[in-house]
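These notes concern the structure reproduced below.
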Amino acid sequence: MAAPSDLAFDPWDPAFVADPYPAYAELRAQGRVRYFEPTNQWLVAHHADVSALLRDRRLGRTYQHRFTHEEFGRTAPPPEHEPFHTLNDHGMLDLEPPDHTRIRRLVSKAFTPRTVEQLRPYVRGLADDLVSALVEAGGGDLLKDVAEPLPVAVIAEMLGIPEADRAPLRPWSADICGMYELNPSEETAARAVRASVEFSDYLRDLIAERREHPGDDLISGLIAAHDEGDRLTEQEMISTCVLLLNAGHEATVNSTVNGWWALFRHPDQLAALRADHSLVPTAIEELMRYDTPLQLFERWVLDEIEIDGQVIPRGAEIAMLFGSANHDPAVFTDPSRLDLTRRDNPHISFSAGIHYCIGAPLARIELAASMTALLEKAPTLRLAAEPTRKPNFVIRGLEGLAVEVGR
């Protein structure tokens, strides 16, 4: 599927996926909004517009709180995809007020600054153990050995998922997240449906068990809140748990490997970081800006809007290009340069508005823990092989990151 001939944006081109940022510069130069026929979306590439639209209540992650599919000029999803959409559509990321407000209020109790700060020692201890094992082995795959197990374990611990049950979590998540790519294939949809059914069945059983034997975990807390009068259906509970697992580790995993791959390609910046570990906080923000883990975020136009004289009607879909916004020279000085000391860094990798990532503070703790552990315990960490980038565009990551640790 090719892009229009005058448009550099081509999310199915491996060369574009490998490095979309030069194409984003061309797209920004062509104006503030462009229609992209292959996905029937309006592309928005400038930081100011993306930031404003994320807060614009004329847009929504769903339209079904106001319109039927027919009223909105859209076709209902195929019946065979129903398990995925039931799971996805009841999570707070794809809900609008008042349902979004009600669910986010309940979940936010688990992500208060105090609660998240209390997790810091556990996260740091886990990161130390994972990195120590990597060092002992003389290296390995930074993705599978550190980047994945850390955030998956943290969110599973918060949810109260027993350690013995955690192996399928990452594969389920990967299959479900495949549906967030542009124009996913039927094979991708089939995998997402299967994972949705299996994950939902597992959580339904776990919720039933927690009703009988409550614990000190988020699932037990959601059950208690429901019993005390805060209305939360079982499907909302299941969808919330899946969303927290998916969103709670996907960005962290990809930020870790994208970040270290960027550091290996910029040895001067890596040397500066190794010489001064106090750069870790700004380094994390800059690495998330420099190679954005979530490249695109979609919103439906609920009420007609206008961008730079272009009227975008109700029923249209807007694709906000986070990766482009994070490289906009109107906001970031020399945006193509990796600068771990960058202070003025209003990146939007965690989104904005009512759908701002509720787990952002926890993600920062996880990223800091793994980076600090690697700097301290593996000061000679080096690339062992050129990595392969995943073919996905929307969720940007690597297939793996092979590293070595000198003795």
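- A salt bridge between R389 and E399 is absent, with no side-chain N of the basic residue lying under 4.0 Å from a carboxylate O of the acidic one.
- H355 has its ring centre less than 6.0 Å from the ring centre of H100.
- With respect to the salt-bridge test (charged N to carboxylate O, under 4.0 angstrom), the residues R337 and D334 qualify.
- Here the CG atom belonging to D344 is positioned 7.5 Å from the OG1 atom belonging to T333, to the nearest 0.5 angstrom.
- Annotation: F9 is in aromatic contact with F393 [ring centroid separation under 6.0 Å].
- For E198 and W172, the side-chain atoms include at least one donor-acceptor pair closer than 3.5 Å.
- Aromatic ring centres of F332 and H347 lie farther apart than the 6.0 Å criterion allows.
- For the residue pair S220 / D217, a side-chain donor-acceptor distance below 3.5 Å is found, with atom types taken as modelled.
- Taken from CG in L245 to CZ in R166, the straight-line distance is 10.5 Å, to the nearest 0.5 Å.
- Between the side chains of D19 and Y24, no donor N or O sits under 3.5 Å from an acceptor N or O.
- Q41 CD to I312 CD1: the interatomic distance, rounded to the nearest 0.5 Å, is 11.5 Å.
- Rounded to the nearest 0.5 Å, atoms CZ (R396) and CD (Q295) are 5.5 Å apart.
- With no hydrogens or angles considered, no side-chain donor-acceptor pair links S255 and T252 at under 3.5 Å.
- Cation-pi check for R194 over F199 is not met; the charged atom does not lie both under 6.0 angstrom from the ring centroid and within 45 degrees of its normal.
- The closest side-chain donor-acceptor pair between S349 and N326 falls under 3.5 angstrom.
- Salt-bridge annotation for R58 and E306: absent, with no side-chain N of the basic residue lying under 4.0 Å from a carboxylate O of the acidic one.
- With values rounded to the nearest 0.5 angstrom, E236 atom CD is found 9.0 Å from L106 atom CG.
- Counted by atom type alone, T282 and E286 present zero donor-acceptor pairs between their side chains at under 3.5 Å.
- For R314 and D303, the salt-bridge test fails: no basic side-chain N is under 4.0 Å from an acidic carboxylate O.
- Side-chain atoms of H327 and Y290 form no donor-acceptor pair, as typed in the model, at a separation below 3.5 Å.
- Using a 3.5 Å distance cut-off with no hydrogens or angles, the side chains of S324 and R28 do pair a donor with an acceptor.
- Across every non-hydrogen atom of A272 and L279, the tightest pair is O-CD1, 3.8 Å.
- The existence of a salt bridge linking R57 and E96 is confirmed by a sub-4.0 Å separation between a basic side-chain nitrogen and an acidic carboxylate oxygen.
- Y180 and N392 share no side-chain donor-acceptor pair at under 3.5 Å.
- Residues E187 and R191 are paired through a salt bridge, judged by an N-O separation under 4.0 Å between the basic side chain and the carboxylate.
- There is no side-chain donor-acceptor pair under 3.5 Å between R204 and S200.
- Residues I238 and T233 have side chains not in contact (no heavy-atom distance under 4.5 Å, counting atoms from C-beta outward).
- Atom CD of E148 is separated from atom CG of L142 by 10.5 Å, given to the nearest 0.5 angstrom.
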